[in-house]
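Below, all heavy atoms of this structure are taken into account, side chains as well, without hydrogens, waters or symmetry copies. For the single chain, residues carry numbers from 1 onward in sequence order.
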Amino acid sequence: MTETVEALREVAFPLSVPGINELREMQGSLQTQLSTRLLPHLLEDAVPAVVVFGGSSGAGKSTILNSLVEDDISEASVIRPTTMTPVLVFHPDDALAMEGHLLTEICKTVVTESALPGIALLDAPDLDSIEEANRNMSQTLINAADLWIFVTTASRYGDHVAWSTLSEAFNRGMTTAVILNRLPARAKTAVRADLMKRMAESGMGESPLFIIDDAGATNGRLDPERVSELKDWLHLMKTTRASKSLVSRTSKAMMPEIRRELLDLADAATAQTDAAESLKDGARTAADEPSRELTETLESGRIARGAPTTQWLSLASTGGPLASLGSGRDLLFANRAIAKRDRAAHNIAEAIDDALRVILTQTLIDVRDSAATIWSMSYVDTSEIKVEVGIDSFVNGAISAWQADSRAAADKVNGAIAKKVSRDGLADLLRAGAGGIPGVQTALTDGGAEGGLSRTKRALQDRCQEAIDKVAGRYVAAIDALELPDSSNLRIRARELVNAVWEKE
């Protein structure tokens, strides 16, 4: 059981899919029920039954609780809402069993001899409070109840919020009772009959109904005889061990619903995983078309068009520093011209690098925008998933890596052209040729550098693809960084939970 509570506490549903708010509310409700109801009773037989007084604002919950314990413990007032902090009351005999109980951490705890041994009474905030925090707390405490006593009045018993909450709790298997408080004598017959009819139609015909006649203005407590029937009933539960039976009956009755909700959470966990994979697939798909278009651009040599080719034609023309590269003959005093050829080769390679930078930048922008568009069309709300894409750094990194690849390829060239330029000059020519300048490609091939040219071409494709993959990878990494739930763990816990309850009984 502790593993189940821990699994519920740790499980996260990070992706905002339709119904996520209801899902998280279900998770919180289950966690409350397990940690405040089932777990304490499974671990410790002596834990008292928790009886929660809940209902609409002004119904008199605090007054009834004070009257039962004959002490002004929970503040009663005409100011709404009165009960801002829930009040938990139990007998000193139950103090040891209640040590460490979650309710003692979230409630104002009062230990008094006038409380009923074996039964902890809890005054919850109003179900219809104008304060959302109070409404949420009230719902949490109802989930912790072994018995929920619904307190209402002649004018409020049909209130939608309170009545729908009562019906929901009953349908989940929670044991319920109803107090019709401050009932005027003139309306007693009609209101009592209508309320009993409503209870019967909701399946609660056998739930206890207590009538407390209107006593007019009070000072925080009712005369003891007005709550004597309710007090005797609670006392009878204890003396006949009915309170233990109540805990067992409520636990068993609620177990199918708890198990179903655990399995629903497991299904939701699977759906989160599926949604995550869908988003990652979408990010990868976003790279497909830009990658194909860039490959076609590189293979066709389009990045060499314009300035790079124009520079080559100028530098390789008669009298230019690169005119002798394709001549096939060694020149006298060749070393004297190497520096000039290197500078000329570097200028052409820079033009290729600049053209590549423009084209690769646009490609990565296309990948980013496509991924963002695909995500925006998903049923998952991805607006809160932050993805940082450093396009400039990816482009610069790809070009720097390619320059290093060209130098490595130049080291392996042993042909005649290697004698006409330095190693760096040859690396620049390899990039110019890989970029698609026909004249450079011819000079490299004729000069025995065809292998280096092929390696540099492949490196260009690889470095560009790596940059594309990095952009898509940022979106994938953003999903991988999320703490996705484990559906199999929740399914195992659902099965263990049922076994634990029935073995305990």
How far does CG of D123 sit from NZ of K108, to the nearest 0.5 angstrom? 10.0 Å

Which is it for E466 and R463 under the salt bridge (charged side-chain N to carboxylate O under 4.0 Å, His left out) test, yes or no, and what are the steps along the way? CA-CA 5 Å; E466 286 174 3; R463 296 306 183 182; 3.1 Å; yes

Atom pair CG/CG of L122 and L147 - distance to nearest 0.5 Å: 12.0 Å

Could you tell me if the side chain of L230 sits less than 4.5 Å from the side chain of L68, heavy atoms only? yes

Rounded distance [0.5 Å steps], OG1 in T295 versus CD in Q461: 4.5 Å

Minimal heavy-atom distance between T273 and P485, with the atoms involved, is OG1-O, 4.0 Å

F210 vs V227, test: side-chain contact (heavy atoms from CB on, under 4.5 Å). Steps then yes/no. CA-CA 9 Å; F210 299 94; V227 294; over 6 Å; no

Looking only at non-hydrogen atoms, find the nearest pair between D94 and G118 and report the distance. OD2-N, 2.7 Å

Going by the angle between their ring planes, with limits at 30° and 60°, are W375 and Y475 parallel, tilted or perpendicular? perpendicular

Tightest non-hydrogen contact, residues S74 and L65, listed as CB-CD2, 4.4 Å

Distance-only, no hydrogens or angles: does the D71 side chain make a donor-acceptor pair with backbone N or O of I73 under 3.5 Å? no

Between L195 and M199, is there a side-chain heavy-atom distance shorter than 4.5 Å? yes

May I ask you to check whether D366 and Q362 show a side-chain donor-acceptor distance below 3.5 Å? yes

Would you call D480-K280 a salt bridge at under 4.0 Å N-O? yes

Strictly by modelled atom types, are D126 and S57 linked by a side-chain donor-acceptor pair under 3.5 Å? yes

Using a cut-off of 6.0 Å, state whether more than 12 heavy atoms not belonging to M196 lie near its atom CE. no

Check whether any side-chain heavy atom of V358 lies under 4.5 Å from a side-chain heavy atom of T361, and answer yes or no. no

Heavy-atom distance under 4.5 Å between the side chains of L460 and L356, does that happen here? yes

Specify the closest pair of heavy atoms between P290 and A286, including all atoms of both residues, with the distance to one decimal. CD-O, 3.3 Å

Considering non-hydrogen atoms only, spot the tightest contact between A472 and V367 and give its length. N-CG1, 4.3 Å

Provide the closest heavy-atom pair for E113 versus P92 in the form atom of the first, atom of the second, distance. OE2-CG, 3.7 Å

Carboxylate-amine/guanidinium contact E201 R198, below 4.0 Å: no

Is there side-chain contact between L166 and M204, with at least one heavy-atom pair below 4.5 Å? yes

Taking the basic N atoms (NZ, or NE/NH1/NH2) and the acidic carboxylate oxygens, is any pair closer than 4.0 Å for K197 and D194? no

Over 12 non-hydrogen atoms of neighbours within 6.0 angstrom of CZ in R186: no

